[in-house]
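Worksheet for the structure shown next.
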Amino acid sequence: MEMPKPSPDVLSRKSALVARLSRVLPEEAIIHDPAETRAYECDALTAYRCPPMLAVLPSSTQQVSDVLRICHDENVPVVPRGAGTSLAGGALPTADCVILGVARMNEVLEIDYDNRFIRVQTGRTNLSVTGAVEEEDFFYAPDPSSQLACAIAGNIAMNSGGAHCLKYGVTTNNLLGVTMVMMDGSVVEIGGAHLDAPGLDLLGVICGSEGQLGVVTEATLRILRKPEGARPVLMGFNDNEVAGQCVSDIIKSGILPVAIEFMDTLCIRACENFAHAGYPDCHALLIVEVEGSDAEIDYQLSKIIEIAKRHDPVELRESQSAEESAKIWLGRKSAFGAMGQLNDYMCLDGTIPVSALPTVLRRIGELSEEFGLPVGNVFHAGDGNMHPLILFDANKPGDLENCEAFGAEILKLCVDEGGCLTGEHGVGIEKRDLMAHQYSPADLDAQMAVKDVFDPKWLLNAAKVFPLDVSEPRRMAAE
Amino acid sequence: MKPMRPETEADLAKLVAGLENPVRIVGGGTRGIAGPYAEIETGALRGITLYEPGALTLVARAGTPLAEITATLEAEGQHLAFEPMDHRGLLGTQGEPTIGGVVAANISGPRRIQAGACRDFLLGVRYVDGRGQVIKNGGRVMKNVTGYDLVKLMGGSWGTLGVLTEVSLKVLPKPERVATLSVGVRDAGTAVRVLSTALRSPFEVTGAAYDPDAGKALLRVEGFAGSVAYRTGRLTAELSRFGEITEEAGADTLWAGIRDAHPFHGQDGDVWRLSVKPGDAAEVSARAEADQLLFDWGGGLVWLRVPKGTDLRARLGVFSGHATVVRADAETVARLGRFQPETAAVSTLTNGLRAKFDPRGLFNLGLMG
């Protein structure tokens, strides 16, 4: 993976920079020993590593502002970092950068149940936001698989989703306001506990900008009352196309399940061996979950089962208890771990229109033969967000490259079928060079123009999202 | 002057590239944004280009009448869940609302409190920027984090960043049954407590309004018939301590009336819209000394009618939220600004964005910033 060449000038000024930073940060918040900066050399896309020049761990908006002002002044690139769980390399450093980690900023600042919001520092983890409001039966809806570890800062940067967004939306639909520090150190307040922006929807473009526009230090998030209950039904089919048709028919019937999850044979078997969830051995497995009171759940599930029966399922199992529900979900939730037992894997994140499902799965099967690498499919079927998991052997020379080439073909296929490169993980470095397949030069230029406004010097996470050759004139001009 | 009316996106792009003077962009012309400029009408860019009920997705050209979209969705038992307001009754405008206008102004109705705003349902856009280039962003799928979300930026930009040519929207099933509970309340403070209590419940209230003239807090519950009966029962039990509860008939008309600020139709004076923290609604709106009030979004949206030319923002002082002029004469709008003035930091960003998207300053000048 190509990254911009580190600036010898910046590297040569390291000790002067440390000296300046130590005037605004406590000593233990500045990490400059190469043995320690190594801890920040990668995120969850572990195939790519590069220790940063420095890492800093501020504990307040003021400190973040001080750090950015100094780096801006010194023309030092900055890579913001939440919990480092990005699957797309969003927090991958360059050798001449300062990693700005927000992990120490994890306080709850305000909880307001009557107005249904919570304000937190963004280093707080996703799950602990829900944890803070659970006593009143509230929750924070976006639920990425990494929710135990991932930080709200990263969720905002990547506009993270999760299994339940068919009903509750993704981060951008649950974000009400931010305190953001700009690269020059100035602090901007956008949005708040009220709904809707007064002017341009800056919040909308900040969410999902992959840490390239500013560093969000505080966030006002919408919290929701938990439903009275939730229950899944599991169904198995011997044909992907039929399963896809079943999904479409459920949606057309007027029911809006909270989640519709899909797994193919390879994943079903891996999960079953790993978690013993009692999954049937078949081509396509669906988990459909609905919410409400017991009677409401019964009614919706009976309608869903009636629809499923028209499609000759090989298995149809309505959960009868909390234990059974947990068991049904256990397999799905351990999908990544189960696939990891088989081999190294690369997890893709393309999204397709639900109607393109059979075509895309068939083509992925063909590509799997061509590249000689097995692939399992597990995804959020209600919204077409696929997660093909390509198995490869990281120790085998050439296997990673082959796997990446295969992955690129799958993502291009998603775009060609009317979808997109990434549904919830973000572009980062991983899909950076495929952007030109989805967007024209003018489309990319319009996006980069936004960065020109927020970060005219192109210092914040500048090697991400846009193909390097496309962003080069801007990065060079800013230097 | 006769409005310019390009027949295709390509014609529009060519037209914009050759513009020498500022223009107003007009969909159906129902939202009251006329100005002293030549007009570009999008009405000829018309038609639904894709509708997949099983994928909950609809794509339409910007000039497509909203009525055509509503009817097409209706045939499949679906709808635009953000229930866009119709401004004609309030503003006395003519014409047919278009989907492009709805998106450009991020128009949302009562269900915004539960389902989200127009911008939350907007999946993709195509537009012509100030250089006359056709730009696309987002797409037709529900989850998409590929590059920056210019979709959100274009939604609610009131045509100041570009001319929308096509929009993709997420649609939802239309509920089988709708019921409205009305709670008799004497003051705004109690009303907001009723609405807040209902919105804090797990019973999925999709409308939460208060009409002071009727002395009623109104709650809407939607879904399958059995579920609606169950939830209205539970809500009735929880809310009876606040006042007398009755079930209102004619839910569709009632909520369309709240959506369109119907009680204000034909009444003299200026009309404003406040976006506030719901719990602040009673206190902040009391400062306005308004002639008439209407609360929606659990108090988060306050409609106010005040005497002509009133500087409402001066009356309100500092509050968390913002105030927008919806109906007033041109002099008042020019003097006070349609939208709440931005902080200097935000203004730097929005002006910067406008300079990038519309470098020659052609589009809807003076409307936003």
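In what follows, every chain begins at residue 1, and chains take the letters A, B, ... in the order their sequences are listed.
A salt bridge links Lys136(B) with Asp443(A): the distance from a Lys NZ or Arg NE/NH1/NH2 to an Asp or Glu carboxylate oxygen falls below 4.0 Å.
Between Leu274(B) atom CG and His194(A) atom NE2 the span is 11.0 Å, to the nearest 0.5 Å. Note that the CG atom of Asp149(B) and the CG atom of Asp201(A) stand 8.0 Å from one another [nearest 0.5 Å]. Expressed to the nearest 0.5 Å, how far CG of Leu153(B) lies from CD of Gln447(A) amounts to 11.0 Å. From Leu172(B), atom CG reaches atom CG of Leu256(A) across 6.0 Å, with rounding to the nearest 0.5 Å.
Contact record, Ser248(A) with Gly54(B): OG-CA, 3.5 Å, taken as the closest heavy-atom pair. When every heavy atom of Ala442(A) is checked against every heavy atom of Gln133(B), the shortest pair comes out as CB-OE1, 3.6 Å. Looking at every heavy atom in both residues, Gly162(A) comes nearest to Lys143(B) through O-NZ, 3.2 Å. Across Glu228(A) and Pro202(B), no two heavy atoms sit closer than the pair CG-CG, 4.0 Å.
Of the listed residues (Tyr230(B), Phe203(B), Trp297(B)), the greatest number of heavy-atom pairs within a distance under 4.5 Å of chain A belongs to Tyr230(B). Chosen from Ser227(B), Gly352(B), Gly138(B), Ala345(B), the residue pairing most often with chain A at heavy-atom distances under 4.5 Å is Ser227(B). When Leu224(A), Val188(A), Asn115(A) are compared by the number of non-hydrogen pairs under 4.5 Å with chain B, Asn115(A) comes out ahead. Ranked by heavy-atom pairs under 4.5 Å with chain A, the first of Arg131(B), Arg119(B), Gln340(B) is Arg119(B). In terms of heavy-atom pairs under 4.5 Å with chain A, the best-connected choice from Leu199(B), Asp129(B), Thr343(B) is Leu199(B). When Asp114(A), Asn159(A), Val427(A) are compared by the number of non-hydrogen pairs under 4.5 Å with chain B, Asp114(A) comes out ahead. Put simply, of Asn137(B), Leu349(B), Val151(B), the one with the most heavy-atom pairs under 4.5 Å next to chain A is Leu349(B). Of the listed residues (Gln212(A), Lys226(A), Gln300(A), Gln245(A)), the one with the most heavy-atom contacts under 4.5 Å to chain B is Gln212(A). Among the candidates Phe454(A), Tyr439(A), Phe466(A), Phe117(A), the residue making the largest number of heavy-atom pairs closer than 4.5 Å to chain B is Tyr439(A). Of all the listed residues (Leu421(A), Asp196(A), Val354(A)), the one sharing the greatest number of non-hydrogen pairs under 4.5 Å with chain B is Asp196(A). For chain B, the option among Lys431(A), Lys167(A), His425(A), Glu189(A) with the highest count of heavy-atom pairs below 4.5 Å is Lys167(A). Most heavy-atom pairs under 4.5 Å with chain A: of the set Ser347(B), Ala117(B), Gly116(B), Gly279(B), this distinction falls to Gly279(B).
Ile113(B) touches chain A through backbone and side chain together, each having a heavy atom under 4.5 Å away. Both the backbone and the side chain of Thr172(A) come within less than 4.5 Å of a heavy atom in chain B. Looking at Tyr127(B), the atoms closer than 4.5 Å to chain A (heavy atoms on both sides) all sit in the side chain, from C-beta outward. At a 4.5 Å heavy-atom cutoff, Glu291(A) makes no contact with chain B through either its backbone or its side chain. For Val134(B), the part lying under 4.5 angstrom from a heavy atom of chain A is the backbone only. Looking at Met182(A), the atoms closer than 4.5 Å to chain B (heavy atoms on both sides) all sit in the side chain, from C-beta outward. Contact of Arg231(B) with chain A is made through the side chain alone, with heavy-atom distances under 4.5 Å. In this structure, chain B has a heavy atom under 4.5 Å from the side chain of Arg222(A), while its backbone stays farther away. Of the two parts of Lys356(B), only the side chain, counted from C-beta on, holds a non-hydrogen atom closer than 4.5 Å to a non-hydrogen atom of chain A. Residue contact with chain B, scored on non-hydrogen atoms closer than 4.5 Å, involves the side chain of His380(A) exclusively. Residue Ala295(A) does not touch chain B at all, counting heavy-atom pairs closer than 4.5 Å. Neither the backbone nor the side chain of Lys174(B) comes within less than 4.5 Å of any heavy atom in chain A. Neither the backbone nor the side chain of Lys464(A) comes within contact range of chain B; no heavy atoms are under 4.5 Å apart. With a 4.5 angstrom heavy-atom cutoff, Thr324(B) does not touch chain A via any of its atoms. Using a 4.5 Å cut-off between heavy atoms, Val465(A) touches chain B through its side chain atoms alone. For Ser157(B), the parts lying near chain A are the backbone and the side chain together; criterion is any non-hydrogen pair under 4.5 Å. Interface residue Glu424(A): backbone and side-chain heavy atoms are both found under 4.5 Å from chain B.
When side chains are defined from C-beta on, Gln438(A) counts as touching Asn144(B), because their heavy atoms get closer than 4.5 Å. Taking the side chain as every heavy atom from C-beta outward, Val453(A) and Asn351(B) never approach each other to under 4.5 Å. Looking at Asp383(A) and Val141(B), their side chains never come closer than 4.5 Å, going by heavy atoms from C-beta outward. The side-chain heavy atoms of Leu150(B) and Val450(A), taken from C-beta on, include a pair separated by under 4.5 Å.
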Exercise for the section: Assess whether side chain to side chain contact (heavy atoms under 4.5 Å, CB included) is satisfied between Arg200(B) and Glu136(A), documenting all intermediate values. Expected result: CA-CA 10 Å; Arg200(B) 277 187 69 160; Glu136(A) 290 284 331; 2.9 Å; yes
Problem - Chi angles and distances behind the side chain to side chain contact (heavy atoms under 4.5 Å, CB included) call for Val145(B), Met158(A) - result: CA-CA 7 Å; Val145(B) 295; Met158(A) 294 310 199; 5.9 Å; no
Practice task
Evaluate side chain to side chain contact (heavy atoms under 4.5 Å, CB included) for Leu200(A) paired with Arg354(B), printing each intermediate quantity in order.
Solution key: CA-CA 10 Å; Leu200(A) 293 180; Arg354(B) 284 205 182 84; 3.7 Å; yes
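Judged purely by atom type and a 3.5 angstrom limit, Thr146(B) uses its side chain to pair as donor or acceptor with the backbone of Thr422(A).
The residue from Leu166(A), Asn385(A), Val170(A) that alone fulfils the side chain to side chain contact (heavy atoms under 4.5 Å, CB included) condition with Met142(B) is Leu166(A).
With sequence neighbours excluded, the residues that form a salt bridge (charged side-chain N to carboxylate O under 4.0 Å, His left out) with Arg140(B) are Glu52(B).
There is no side-chain donor-acceptor pair under 3.5 Å between Tyr148(B) and Glu210(A).
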